[in-house]
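Before any comments, here is the structure.
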Amino acid sequence: MACFILVEEKMVIRIVDLRSDTVTKPTEAMRAAMASAEVDDDVLGNDPTAFRLEAEMAKTMGKEAALFVPSGTMGNLICVLVHCDVRGSEVILGDNCHIYIYENGGIATIGGVHPRPVKNNNDGTMDIDLIEAAIRDPRGELLYPTTKLICLENTHANSGGRCLSVEYTDRVGDLAKRHGLKLHIDGARIFNASVALGVPVNRLVQAADSVSVCLSKGIGAPVGSVIVGSKNFIAKARRLRKTLGGGMRQIGILCAAALVALQENIGRLENDHKKARLLADGLRELKGLRVDTLAGETNIVFIDIEDGMRTGAEKIRKYLEERGILVMQESSSRLRVVLHHQISASDVQYALSCFQQAVKGVENEMGD
């Protein structure tokens, strides 16, 4: 997201916000839709714009029903708790996935669900045989938690926005069915995966019993997520949403913006991916930085500072920030950038030039 700010009323600095695709601002079309949205009390089940969004999302994802929720974290939590409806149940999930790392341990602290992590590969998958080996033998129920659910994440954020193929997802779905388990997909950026793979989104999640889809990431709506599944699943999810404090009143104002995002921004995702590849290609040319050769499959790029550099990610991040480039620091030696529809090709070139200056400038400072 590029804009210009006035600093000390003297100098205008260009701002290019690459921290996440969650930083986008509502477009004029979204604001207009929000202002004119037809609304009612959704807790009472009467908001017509929420109905429209939920019906559209259910149809798009190939599921029976859908439910708007305030956040992806709540969406994932609700889905896990519906499937794992007995305390002491267990969910198999990746050791580097969003639910396991970034959602405050909610499935355990709130739901009494035990996470069983399996190693994520670099592409975001888990080996099928390791998933199967992690499934508890029902004969050991006196000692062990009871496996109820397998979770996947597509795209896989911590793997650099890598996509899980439909073939892989189908294999995990088949495994789940053979063992009487359910499959949930954290599809925060599932539309990015669909566009990158050239697979219709409903086919990509066909094997899943539930999917959470973030509206405020790749497709750029201001607030919210939607979860999809069977009618029975969504009826249970609606009750849990209320329990967790996620039942809101005139949510049509938010859903109206999401409907615009679905109409306008899915078609822009391929351009976001192209900009990510352009940025990744340019960063690979800079001495001292390392970017995965597969970076830019979707809209996330991780940048590693090589050991030979006499500086770290914090120094480079601050140097970039002073020049208006905002990035996320992942560790002492890693930065993350995320492309979105409010970043232009010109912004990418400006960011590349600032990265080049940052690498040279920080090294020069260290050498003085």
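Heavy atoms only: backbone and side chains are in, while hydrogens, waters and symmetry mates are out.
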Is Asp85 salt-bridged to Lys148, going by a charged N under 4.0 Å from an acidic O?
yes

Indicate, with yes or no, if Leu149 and Ile101 share a hydrophobic cluster defined by side-chain heavy-atom contacts under 4.5 Å among Ile, Leu, Val, Met, Phe, Trp and Tyr.
yes

What's the spacing between Leu53 CG and Leu262 CG if we round to 0.5 Å?
6.5 Å

Sidechain-backbone polar pair: Glu64 side chain, Lys231 backbone, donor-acceptor under 3.5 Å
yes

Answer yes or no: is there an ion pair linking Arg334 with Glu306, defined by an N-O contact shorter than 4.0 Å?
no

Just wondering, do Leu67 and Glu54 contact through their side chains at under 4.5 Å, heavy atoms?
yes

Tell me whether Asp41 is salt-bridged to Arg249, with the criterion being a basic N under 4.0 Å from an acidic carboxylate O.
yes

So for atom CZ, which belongs to Arg139, do other residues, nucleotides or ligands contribute more than 12 heavy atoms lying within a distance under 6.0 Å?
no

Is it the case that atom CZ in Arg239 sees more than 12 heavy atoms from other parts of the structure closer than 6.0 Å?
no

Would Thr73 and Asn104 count as a side-chain contact (heavy atoms from CB on, under 4.5 Å) here? Give the steps.
CA-CA 9 Å; Thr73 294; Asn104 207 232; over 6 Å; no

Side chain to side chain donor-acceptor pair (under 3.5 Å) with Arg136: which of His114, Glu90, His179?
Glu90

Decide side-chain contact (heavy atoms from CB on, under 4.5 Å) for Leu204 and Ile190; before the verdict, give the C-alpha distance in whole Å, the side-chain angles of both, and the deciding distance to 0.1 Å.
CA-CA 8 Å; Leu204 199 54; Ile190 194 68; 3.8 Å; yes

Do Asn154 and Asp186 pair up side chain to side chain, a donor and an acceptor below 3.5 Å, judged on atom types alone?
no

Check: Arg203/Thr169 side-chain N/O donor and acceptor closer than 3.5 Å
no

State plainly whether the residues Arg241 and Asp42 are in salt-bridge range, i.e. N to O under 4.0 Å.
yes

To the nearest 0.5 Å, what is the distance between CZ (Arg116) and CG (Asp95)?
13.0 Å

Could you walk me through whether Ile227 and Ser210 satisfy the side-chain contact (heavy atoms from CB on, under 4.5 Å) test, starting with their C-alpha distance in whole Å, then the side-chain angles of each, then the deciding distance to 0.1 Å, before giving a yes or no?
CA-CA 7 Å; Ile227 56 178; Ser210 61; over 6 Å; no

Assess, by modelled atom type and distance only, whether the side chains of Asp123 and Thr125 contain a donor and an acceptor separated by less than 3.5 Å.
yes

State, to 0.1 Å, how close Pro222 and Ala257 come at their nearest heavy-atom pair, and which atoms those are.
CD-CB, 3.6 Å

Return the minimal non-hydrogen interatomic distance between Gly160 and Thr298, and the atom names on each side.
O-OG1, 4.4 Å

Indicate yes or no: at least one non-hydrogen side-chain atom of Asp272 is less than 4.5 angstrom from one of His341.
yes

Check whether any side-chain heavy atom of Thr49 sits under 4.5 Å from a side-chain heavy atom of Cys255, and report yes or no.
yes

Indicate yes or no: at least one non-hydrogen side-chain atom of Lys63 is less than 4.5 angstrom from one of Phe233.
no

Output yes when a side-chain donor or acceptor of Glu153 lies under 3.5 Å from a complementary backbone atom of Ala157, and no otherwise.
yes

Check for me, please, whether Met57 and Ile234 land in the same ILVMFWY cluster - side-chain distances under 4.5 Å, paths through other members count.
no

If you look at every heavy atom in Ala207 and Lys177, which pair is closest and at what distance?
O-NZ, 3.8 Å

Contact check, side chains of Thr147 and Ile92, non-hydrogen atoms, under 4.5 Å
yes

Within the 3.5 Å criterion, strictly below it, is a donor on Asp127 or Asn121 matched to an acceptor on the partner's side chain?
yes

Check for a donor-acceptor pair, side chain of Ser225 on one end and backbone N or O of Ser212 on the other, with a separation under 3.5 Å.
no

Look at the side chain of Ser331 and the backbone N and O of Ser333, then say whether any donor-acceptor pair between them is shorter than 3.5 Å.
yes

If only atom types and distance count, is the side chain of Asn299 paired as donor or acceptor with the main-chain N or O of Leu339 below 3.5 Å?
yes

So, do His184 and Asn76 sit near enough that their side-chain heavy atoms are less than 4.5 Å apart?
yes

When you look at Asn120 and Asn158, which way does the side-chain hydrogen bond (donor to acceptor under 3.5 Å, both in side chains) test go after all the steps?
CA-CA 10 Å; Asn120 277 122; Asn158 274 353; over 6 Å; no

Would you tell me whether His273 and Asn192 have side-chain atoms, one donor and one acceptor, within less than 3.5 Å of each other?
yes

Tell me whether Arg317 forms a cation-pi arrangement with Tyr319, defined as NZ or CZ under 6.0 Å from the six-membered ring centre and within 45 degrees of its axis.
no

Is any side-chain N of the basic residue among Lys318 and Glu314 closer than 4.0 Å to the acidic one's carboxylate O?
yes

Membership question, hydrophobic clusters at under 4.5 Å side-chain separation (ILVMFWY): are Leu269 and Met61 in the same one?
yes

Atom CG of Leu259 and atom CD of Glu264: how far apart are they, to the nearest 0.5 Å?
11.0 Å

For Asp17, does its backbone N or O pair with a side-chain atom of His340 as donor and acceptor, under 3.5 Å?
yes

Do Glu297 and Arg162 meet the salt-bridge criterion of a basic N to acidic O distance under 4.0 Å?
yes

In the structure I gave you, are the side-chain heavy atoms of Tyr168 and Val172 within less than 4.5 Å of one another anywhere?
yes

Quick one: closest heavy-atom pair of Gly247 and Val43, and the distance?
C-CG2, 3.6 Å

Donor-acceptor pair between His156 and Asn96 side chains, under 3.5 angstrom:
no

Give a yes or no on this: more than 12 heavy atoms of other residues, nucleotides or ligands lie within 6.0 Å of atom CG of Asn46.
yes

Working note: Ile150 + Leu93, criterion side-chain contact (heavy atoms from CB on, under 4.5 Å); need CA distance, chi angles, decisive distance, verdict.
CA-CA 6 Å; Ile150 301 170; Leu93 73 183; over 6 Å; no

Do Phe68 and Met74 belong together in a cluster built from hydrophobic side chains that touch within less than 4.5 Å?
no

Least distance between heavy atoms, Ala37 atom then Ala256 atom
CB-CB, 3.7 Å

Do we see a donor-acceptor contact under 3.5 Å between the side chains of Asp47 and Gln250?
no

Just wondering, more than 12 heavy atoms not from Asp137 lying within 6.0 Å of its CG?
yes

More than 12 foreign heavy atoms under 6.0 Å from CD of Glu141: is that the case here?
no

Polar side-chain atom of Asp21 near backbone of Val338 as donor-acceptor pair, under 3.5 Å
no

Is any NZ, NE, NH1 or NH2 atom of the basic residue among Glu167 and Arg171 found under 4.0 Å from an Asp or Glu carboxylate oxygen of the other?
no

Heavy atoms only: give me the nearest Tyr100-Gly94 pair and the separation to one decimal.
CB-O, 3.7 Å

Whether over 12 other heavy atoms sit under 6.0 Å from Phe51 CZ
yes

Verify same cluster id: Leu286, Tyr350 (apolar side-chain graph, 4.5 Å)
yes

Are Arg268 and Asn271 close enough, and set up right, to give a side-chain hydrogen bond (donor to acceptor under 3.5 Å, both in side chains), and what steps lead you there?
CA-CA 5 Å; Arg268 296 172 177 169; Asn271 193 42; over 6 Å; no

Answer yes or no: is there an ion pair linking Arg284 with Asp281, defined by an N-O contact shorter than 4.0 Å?
yes

Side-chain heavy atoms of Asp292 within contact of Phe302, under 4.5 Å:
no

